[in-house]
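This report refers to the structure that appears directly beneath it.
Being a predicted model, the structure only gives us computed values, none of them experimental.
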Amino acid sequence: RYTDEGMNYFKNLQMEEADTSFRKVYQLKPTAYVWQAGIVQFYLCQLEKAQQTFGENAARYESKFGEPATEERIWRDACALKIYSLASCS
């Protein structure tokens with residue numbers, strides 16, 4: 001229920017609402033695979049949380065399917081680069 005709700009908010013670019021729904025998903029099931037939550041966090045400038053979300057979802061995907069979680073890892077690295085670039089500007 002909350003996953004679908006979050007996805008609908010995400011598709012409608014309602015990031016705050018999507019974030020709230022995805023947080024509810026993780027409260028109910030901490031091991032849920034919802035990598036889109038990381039995109040929402042990225043656009044809300046919650047970069048450390050997004051990086052963690054992408055890393056955790058990549059590990060879940062890889063352990064379940066035995067294949068590289070390419071998108072999740074690219075997003076995780078994008079978060080790390082953004083964090084680094086912001087830190088180097090101050």
Residues at least two apart in sequence or cross-chain that pass side-chain contact (heavy atoms from CB on, under 4.5 Å) with S21, listed by chain then number, are E5, Y9
Hey, what do you get for CG (L28) to CZ (R1), rounding to the nearest 0.5 Å? 9.5 Å
Mind checking side-chain hydrogen bond (donor to acceptor under 3.5 Å, both in side chains) for Q52 and listing every partner two or more places apart, or none if nothing turns up? E56
ring-ring contact (aromatic ring centres under 6.0 Å, His included): which pairs involve residues 37-58, sequence neighbours left out? F42-W75, F54-W75
Report the C-alpha distance between R73 and E62 in whole Å, list the side-chain angles of each, state the deciding distance to 0.1 Å, and finish with yes or no for salt bridge (Lys or Arg N to Asp or Glu O under 4.0 Å). CA-CA 11 Å; R73 295 208 176 274; E62 291 168 352; 2.7 Å; yes
Which heavy atom in A18 sits nearest to a heavy atom in G6, and how many Å separate them? CB-O, 3.6 Å
side-chain hydrogen bond (donor to acceptor under 3.5 Å, both in side chains) against Y26, all qualifying residues, sequence neighbours excluded: N57
Any idea which heavy atoms bring A80 and Q51 closest together, and the distance? CB-NE2, 3.3 Å
Considering residues at least two apart in sequence or located in another chain, which fulfil the salt bridge (charged side-chain N to carboxylate O under 4.0 Å, His left out) criterion with E71? none
Contact list for residues 16-27, test salt bridge (Lys or Arg N to Asp or Glu O under 4.0 Å), sequence neighbours left out: D19-R23
To the nearest 0.5 Å, atom SG of C45 lies from atom CD1 of I83 at 11.0 Å
So how far is it from L81 CG to I74 CD1, rounded to the nearest 0.5 Å? 11.5 Å
Exercise answer: donor-acceptor pairs, residues 30-41 side-chain atoms, under 3.5 Å, sequence neighbours excluded:
from: Y33; atom 1: OH; to: E72; atom 2: OE2; distance (Å): 2.3
from: Q41; atom 1: OE1; to: A50; atom 2: N; distance (Å): 3.4
from: Q41; atom 1: OE1; to: T53; atom 2: OG1; distance (Å): 2.7
from: Q41; atom 1: NE2; to: T53; atom 2: OG1; distance (Å): 3.4

